[in-house]
Asks: 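Quick one: structure below, then a few questions.
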Amino acid sequence: MKRAALRQSLSSRKSETEIAVPQGPERMPPRLAFASVLLAALCLLGLFATEIADTDFWWHLKTGQFLFEQRALPVPDPFAFTTALNPPAYPGEDQVRRFNLTHEWLAQAALYAVYTIGGLPAIILVRALLLGAFCGLAGLLAARRSGSFYLGIAAAFASATLAIHFTADRPALFTFCMVAVFVAILEYRRFLWTLPLLAVLWANCHGGFVLGWVVVLAYCAGTVRSSSRSPIPPDRLRLWLAAAGVVVFSRLNPNGFGVLGTLLRYRQSAMTANLIEWSPPYLWGPPYAFDILLYSAAVLLAVSWRRVTTSDWALFAAFGAAALAAFRNIPLIGFLAPVLIASYFPVKLRVPRIAAWLLPALLASVLAIGVARGSFFQLRASMWKFPAGAADYLLHNHIAGPLFNTWEEGGYLIWRLWPQQRVFIDGRALSESANRDYRRILYNLGSDIGRVTGPRAELLHRYGIQAVLTNTFEYVSGAAYPLAMALADPSSTEWQLVYDDPHSLVFLRDPRPGTPVFPNKLQRVLDHMDTECSDYIEHDPELPRCARTLADYWLRSGDRARAYRMLTLYLLHAGSSDPEAAKALQQLMNTR
C-alpha cells in the first residue's frame with residue numbers, strides 16, 4: 001500500500017510539473033504543436049532582433065572592453081573627465097557613483113565577449129534570445145496553469161506587446177529574464193538548488209537582483225497558510241532554504257547589499273528624477289499594453305479572489321508597485337499579467353479542431369511578412385542616430401582638448417573616442433553637479449539663452465572646453481538645444497563651426513590656423529536644424545515634435561515657407577490632434 005501511494009504521489013507530482021496537454025476540442029496533434037511552438041519562437045526572435053538604437057549601449061560595450069583589457073573594475077570613472085572634477089553633491093553620492101560603475105560588470109564583460117565573437121549581429125541575437133525566453137516562459141507557465149496550449153501562445157505574445165518597448169541592449173534584460181527563470185523554477189519546484197547559484201550570477205550582472213528576493217519570498221509566503229500544528233512539508237523546507245541561499249549568496253558582488261541604499265538615494269536625486277526610465281508610467285498612455293494587462297489582471301484577481309494563491313497576490317502587488325513607481329519596471333507586469341489572466345480566466349475556451357491547422361499557418365504568415373518587410377532580424381545598428389561622422393572628425397584632426405557633448409551622445413563618444421578623448425557627460429548619471437552644470441551650459445538658464453554669456457560662458461571657461469559636439473533637439477519633447485545657436489552668434493568670434501552633418505555639429509574654440517570653418521555660421525546652424533529634424537522624423541516618425549518647435553520659430557521669424565513645411569511635416573506624423581498647429585497651418589495656406 002505504501003509503495004502504491006508513493007508511486008501515485010510521484011506520478012501526481014510529475015504531472016504538476018509538465019504542461020497540461022489540451023483535451024477534447026482543443027487537442028492538437030504533436031507535430032502541429034511542435035510546429036506552432038517553433039514558429040512562435042522564430043516570430044518572437046525576429047520581433048526582438050531590431051536595430052541597435054539605444055544610446056547607452058555603447059558605454060556598456062566600452063566598459064566591457066575596459067574590463068577585458070585592464071582586468072579591473074572601472075573605478076574611478078575612466079570615461080568622463082567631469083566626474084573627478086566634481087565632489088559629491090549630497091551624502092552618499094560617492095557610493096552611488098561606485099555602484100553605477102560596478103554593479104553590471106559581469107553583463108558588460110559578457111556583452112563585449114559576444115561582440116568580439118560575432119560583432120553587432122551576435123549582440124542583437126543574444127538580446128532577442130533573452131527577450132524571447134522572457135516571453136516564452138510567460139507562455140509556458142500560462143499553458144501549464146490553464147491547461148490550454150492556445151492560451152500559452154497568446155500569453156507569450158501578450159508579454160511581447162510590452163517587451164518590444166525594451167529592446168535596448170542593456171544588462172537590465174538579464175534581470176527581466178532572470179525574474180522569469182526564478183518564477184518558472186519555483187512554479188515547477190524543480191532545481192531549487194540552482195536558485196542561490198543563479199542569484200550570484202544575477203547579482204554581478206545587474207542591480208535588479210533584489211527582485212529575486214521578491215520572487216522567492218512571495219512563494220515562501222504561499223506556504224505559510226499551512227496549519228501551524230502540522231509538520232513542515234519537505235518541499236516547504238527546501239523552498240525556505242533556497243530562499244535563504246538566494247539572499248545570502250547574492251551578497252557576493254562588488255557592492256554587497258549596497259543596492260538597497262542606492263535605490264533610496266536614486267529617489268532623492270534630481271538627476272535621476274529627470275530620466276524617463278525612473279519616472280512613473282503614464283496611465284492610459286503609451287505603451288497602452290501596460291494598462292490593459294495591469295487592469296485586466298487586477299480585475300480577474302478580484303473576481304477570483306477565493307481561488308487566488310498567496311504567492312500570486314504577493315507577486316502582483318510587488319510587480320505592480322514596482323511598475324507604477326518607475327517606467328523601467330513595467331516589463332514585470334508584461335510577464336506576470338498574462339500568466340495570471342490565463343490562470344484565472346473565468347470562461348473555459350472551446351477551440352475548434354481546425355485551429356490546430358490555422359495557428360501554425362497564421363504564425364508562418366506573420367514570420368514571412370516580418371522578414372519580407374525587413375522589420376524582423378535587423379542585424380545592424382541605427383547609425384543615423386549616432387554621431388559617427390563627428391567622432392571621425394575629432395579623431396582625424398586629433399582634437400584632444402576638453403569636450404562638451406550632449407547627454408545622449410556621450411555613450412557613443414565613449415565607445416569611439418576613449419582613451420584619446422573623454423566626454424563631459426553620458427547616460428551613466430554619475431555626478432549631480434556635472435549634470436547641473438551641463439544643463440546650465442546647454443540652456444544658459446537665468447541669462448540670454450542665445451548668447452555665450454553669463455553662466456554658460458563662465459562654465460565653458462571653468463571646464464576649459466575647447467570643442468563642442470552637439471545635436472540640436474531633445475526628440476521626445478521636441479525641445480531645441482539653444483547652445484548651437486549661441487555658439488553660432490555672429491558677434492562671437494571665439495567659437496567657429498568646423499563640422500556639420502545631418503546629425504551633429506562641431507564647434508572649436510579658436511581653431512588652429514588653416515582649419516576650414518563655415519562662413520555665416522548662424523545660417524548654417526539654422527539650416528542644420530531643419531535637416532536634422534527632418535532626417536530624424538524620416539527614420540523615427542513617432543517623434544515629430546521637433547518640427548512643431550521649428551515651425552513656431554519660423555513663424556516668429558517671419559519665414560512662412562519654412563513654417564509651412566515644418567507644420568505640414570509635424571501634423572503628418574503627430575499621433576494626437578493639435579488644433580493650434582492645424583489652425584496655424586490653415587492660416588498659412590489661406591495667405592499663400
Side-chain angles (χ1 to χ4, degrees), residues 15-50 128-167 176-177 179-181 183-184 187-188 287-290 292-294 296-297 300 312 331-371 375-377:
S15 65
E16 290 176 358
T17 61
E18 296 176 351
I19 302 176
V21 178
Q23 301 295 328
E26 197 179 304
R27 185 172 180 82
M28 173 176 278
R31 290 184 179 179
L32 291 178
F34 176 79
S36 297
V37 170
L38 179 61
L39 289 167
L42 289 174
C43 285
L44 290 173
L45 289 177
L47 184 67
F48 296 134
T50 55
L129 286 170
L130 288 172
L131 288 173
F134 175 76
C135 297
L137 286 172
L140 181 69
L141 295 177
R144 176 180 184 269
R145 285 183 167 210
S146 66
S148 170
F149 179 85
Y150 297 101
L151 280 179
I153 295 291
F157 282 95
S159 181
T161 61
L162 263 182
I164 190 60
H165 297 282
F166 291 83
T167 53
F176 300 148
C177 192
V179 164
V181 169
V183 172
E187 281 281 316
Y188 280 90
Y288 297 102
F290 168 67
I292 295 171
L293 291 174
L294 177 69
S296 298
L300 286 177
D312 282 350
L332 299 174
I333 289 298
F335 169 77
L336 182 64
V339 176
L340 297 179
I341 292 169
S343 302
Y344 300 108
F345 199 74
V347 180
K348 181 69 175 179
L349 295 180
R350 299 184 64 83
V351 182
R353 292 184 181 275
I354 194 173
W357 295 90
L358 292 177
L359 179 59
L362 175 63
L363 292 170
S365 300
V366 170
L367 181 62
I369 292 172
V371 172
S375 55
F376 283 9
F377 300 107

Asks: Nearest 0.5 angstrom please: Ser146 OG to Lys348 NZ, how far?
Replies: 7.0 Å
Asks: So do Phe176 and Leu130 actually touch side chain to side chain, heavy atoms under 4.5 Å?
Replies: no
Asks: Is it the case that the side chain of Ser159 and the backbone of Ala155 share a donor-acceptor pair, with hydrogens and angles ignored and the cut-off at 3.5 Å?
Replies: no
Asks: With sequence neighbours left out, write down each residue that passes ring pair (Phe, Tyr, Trp, His ring centres under 6.0 Å) with Tyr344, or none if nothing qualifies.
Replies: none
Asks: Looking at residues at least two apart in the chain, or sitting in another chain, which of them share a ring pair (Phe, Tyr, Trp, His ring centres under 6.0 Å) with Phe134?
Replies: Phe335
Asks: Could you tell me which residues satisfy side-chain hydrogen bond (donor to acceptor under 3.5 Å, both in side chains) with Thr161, sequence neighbours excluded, listed by chain and number?
Replies: none
Asks: So, for Cys177 and Ala133, which heavy atoms are closest and what is the spacing to 0.1 Å?
Replies: SG-CB, 4.1 Å
Asks: How many angstroms lie between CG in Leu141 and CG in Leu336, if you round to the nearest 0.5 Å?
Replies: 9.5 Å
Asks: For Tyr150 and Ala356, indicate whether the former's side chain and the latter's backbone hold a donor-acceptor pair under 3.5 Å.
Replies: yes
Asks: Ignoring hydrogens and angles, write down the donor-acceptor pairs under 3.5 Å from the side chains of residues 34-50, residues two or more places apart or on other chains.
Replies:
unit_1	atom_1	unit_2	atom_2	d
Ser36	OG	Leu32	O	2.9
Thr50	OG1	Arg127	NH1	3.1

Asks: Sort and list the pairs that fulfil side chain to side chain donor-acceptor pair (under 3.5 Å) and have at least one residue in residues 333-343, not counting sequence neighbours.
Replies: Arg145-Ser343
Asks: I need the minimum non-hydrogen distance between Ile341 and Ser296, along with the two atoms involved.
Replies: CD1-CB, 3.8 Å
Asks: Who passes side chain to side chain contact (heavy atoms under 4.5 Å, CB included) against Ser375, sequence neighbours left out?
Replies: Arg373, Gln378
Asks: Any non-hydrogen side-chain atom of Leu340 less than 4.5 Å from a side-chain atom of Leu300?
Replies: no
Asks: Is any side-chain heavy atom of Leu359 closer than 4.5 Å to one of Phe149?
Replies: yes
Asks: Could you please spell out the steps behind the side chain to side chain contact (heavy atoms under 4.5 Å, CB included) verdict for Leu367 and Phe376?
Replies: CA-CA 8 Å; Leu367 181 62; Phe376 283 9; 4.0 Å; yes
